[in-house]
Protein chains: 2
Amino acid sequence: MESTARAPRADNRLPQLLDCAARLFGERGFHGTTIRDIVRGVDMLPGSLYYHFAAKEQLLAAVYAEGVARITERVQAAIARRSDPWQRLTAACIAHLEALLDEGDYAQVVIRVRPGDVPEAAAQLTGLRDRYESLFVELIDALPLRPNVDRRTLRLMLLGALNWSQTWYRRGRDDPRVIARHFVALLRRPTESPAE
Amino acid sequence: MESTARAPRADNRLPQLLDCAARLFGERGFHGTTIRDIVRGVDMLPGSLYYHFAAKEQLLAAVYAEGVARITERVQAAIARRSDPWQRLTAACIAHLEALLDEGDYAQVVIRVRPGDVPEAAAQLTGLRDRYESLFVELIDALPLRPNVDRRTLRLMLLGALNWSQTWYRRGRDDPRVIARHFVALLRRPTESPAE
DNA sequence: GCGTAAAACAAACGGTTGTTTGGTATAGGA
DNA sequence: TCCTATACCAAACAACCGTTTGTTTTACGC
C-alpha cells in the first residue's frame, strides 16, 4: 500500500489563509467573520477555501489548534528557564498575556471564541483549551501555599483575570508584563492593611 | 401642543420580546442570534419586531441597558445593608455573580456581548458598562489597603475573574456565593505560606 | 358604541451567507 | 519532457439575513 499523496506545492497560500483567518476570528469572533472577509485578505475566491477545508468550522478548528500550540510553546519556553515556583508562575502569566495582547492573532482566537459558538467542533476546542490550562494546574500545584487555599479557585481567578484583560487592554497605555506581575502579586501577598 | 400619543396596550408583547432577545443574545451572542430566532420564541413574525425597534442593534441596546439597570439595582441593594468596606465588596461580588450566573438573562448579555460587536451602539454600551463598573471603583476606594496596592489593577483583576466565570461555571457544581467569597479572600489575605 | 392609534400580520425585498460544481493553470517528481 | 496531483478560478447554488411595505386586527379613551 503505497501513498499516492505528493508533497504540498511551494506556492500554496494556506499559511496566509490561516493568518488572515486568525486575525479576523480574533478581532470579530466566529459569527462576525465571513468566508469572503477571510479570502479577500489573501486575494482568493470564496470557493477556493474549500480546497483546504471542508467547512468554516474546520478552518476555525485549525486556527484554534494552532493558537493553543503557539501559546503553549511560549509559556513552556518561559517557565523552562526558572525554578522558583512563584517566578515560574509569573513568567507563565507574562508569556500568556504577551501572546494574548500584543503578539499572537492565533492566541486571541483561543480566548475570544467560545467552543459553544461552533457546535460541530466544540468538544475538540474544549479539549485543547483544557490541555493548555493543565499547564497552570501544575504551576499552581507547585506553589507553597497556606493549607486553606483552594488551588482550583486560585487558578480560575488568575486565568479569568488574565483572559478578561483582552477586554480593557489598550496598547501603549498598559503593559502585559506589568499587568501579569501585579496580578500575581495581588494573589501572593495581602492587600489589606495590617490591623492597627 | 398636546400629545397625540396614547398609552401602550395591555396585550403588547414587547416585554416577552425583550426577555427572549435577552436569553438568546446571552446564550449565542449578537451575531449568533437571528431576528427570526428571537421572534419565534414569542410567536411573532420577523417584520413585527420593527414596530418596536428600528434595527437589530437597537434591540440589543435596549436589552443591554436593561441588563445594566438590573445588575446595578441588585448590587446597590446588596451593599446598602452593610457598612464594613470588605463586606460591602463581598456583597457586591455575590450580587454580581448571582445576576451573571444563575438569574439574569439580561445581565449575561452585558458581560457576553462586546460593544465592538455592535459598532452603531458601541459608544452607548461602553458608557453603560463603565457607569456600572464605577460602582466598584467606589467600593475599592473605600478599602483599607496597603499603600503600595494599585486599586485600578485590583478592580480589573477582580471584575475580570468574576466575569470570566461565565465561561467555566456549571450550575449545581459551583456556587456563586462561594466563588465570590473565595475571590475576595484570595485578594485580601496572603496565599503564600509564611516564611519558615 | 365609535373612532383612533397600537400592535401586529402577510408577503415580499435585495443582499449576503456558506457551499458546490466543473473547469484550468502549473509546480514538481519521473 | 511529460504527467499528475496540487491549488486554484469562475460561476453559480439554495438558504438565510435584516428590513420594508401595505394591510388587518383589536384594545382603549371618549
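To find a chain, count down the sequence lines: A is the first, B the second, and so on, and within it residues start at 1.
Distances from the side chain of B:A10 to the nucleotides D:dC28, C:dG18, C:dA8 place D:dC28 closest. For A:K56, taking side-chain heavy atoms from C-beta onward, the closest of the listed nucleotides C:dG18, D:dC17, C:dA8 is C:dG18. With C:dT19, D:dT19, C:dC9 as the candidates, the nucleotide lying closest to the side chain of B:R13 is C:dC9.
Between A:H52 and the phosphate of D:dC8, there is a side-chain N or O to OP1/OP2 separation shorter than 4.0 Å. Side-chain nitrogen and oxygen atoms of A:R9 include none within less than 4.0 Å of the OP1 or OP2 phosphate oxygen of C:dA25. For B:Y51 and C:dA7, the shortest distance from a side-chain N or O to OP1 or OP2 is below 4.0 Å. Within the structure, every side-chain polar atom (N or O) of B:N12 is placed at least 4.0 Å from both OP1 and OP2 of C:dA6. In this model, the phosphate group of D:dC9 is approached by a side-chain N or O of A:S48 to a distance below 4.0 Å at OP1 or OP2.
Rounded to an integer number of Å, the gap from CZ of B:F53 to P of D:dT20 is 15 Å. The interatomic distance linking A:R40 (CZ) with D:dC8 (P) rounds to 18 Å, in whole Å. Distance, A:Y50 OH to C:dT20 P: 7 Å, rounded to whole Å. A:I35 places its CD1 atom 17 Å from the P atom of D:dC16, with the value rounded to the nearest Å. Atom pair A:I38:CD1 and C:dG18:C1' shows a separation of 11 Å (rounding to whole Å applied). If you measure from atom CG of B:L45 to atom P of C:dA12, you get 13 Å, rounded to the nearest angstrom. The distance between atom CG of A:D11 and atom P of C:dA27, rounded to the nearest whole Å, is 6 Å. C:dA11 atom P lies 20 Å from atom CG of B:L49, rounded to whole Å.
Note on B:D43 versus B:R13: no salt bridge recorded, every NZ/NE/NH1/NH2 to OD/OE distance being 4.0 Å or above. A salt bridge links B:R112 with A:D117; the closest basic N to acidic carboxylate O contact falls under 4.0 Å. For B:D37 and B:R40, the salt-bridge test passes: some basic side-chain N is under 4.0 Å from an acidic carboxylate O. A salt bridge is defined here as a Lys NZ or Arg NE, NH1 or NH2 lying under 4.0 Å from an Asp or Glu carboxylate O, and B:E192 with A:R146 fails to meet this definition.
Within 4.0 Å (heavy atoms only), B:R36 reaches at least one base atom of the nucleic acid.
Cation-pi geometry between A:R155 and A:F136 is not met: the NZ or CZ atom fails to fall both under 6.0 Å from the ring centre and inside 45° of the normal.
Of the residues near DNA chain D, B:D37 and A:P8, the one whose nearest nucleotide (by heavy atom distance) lies more toward the 5' end is A:P8.
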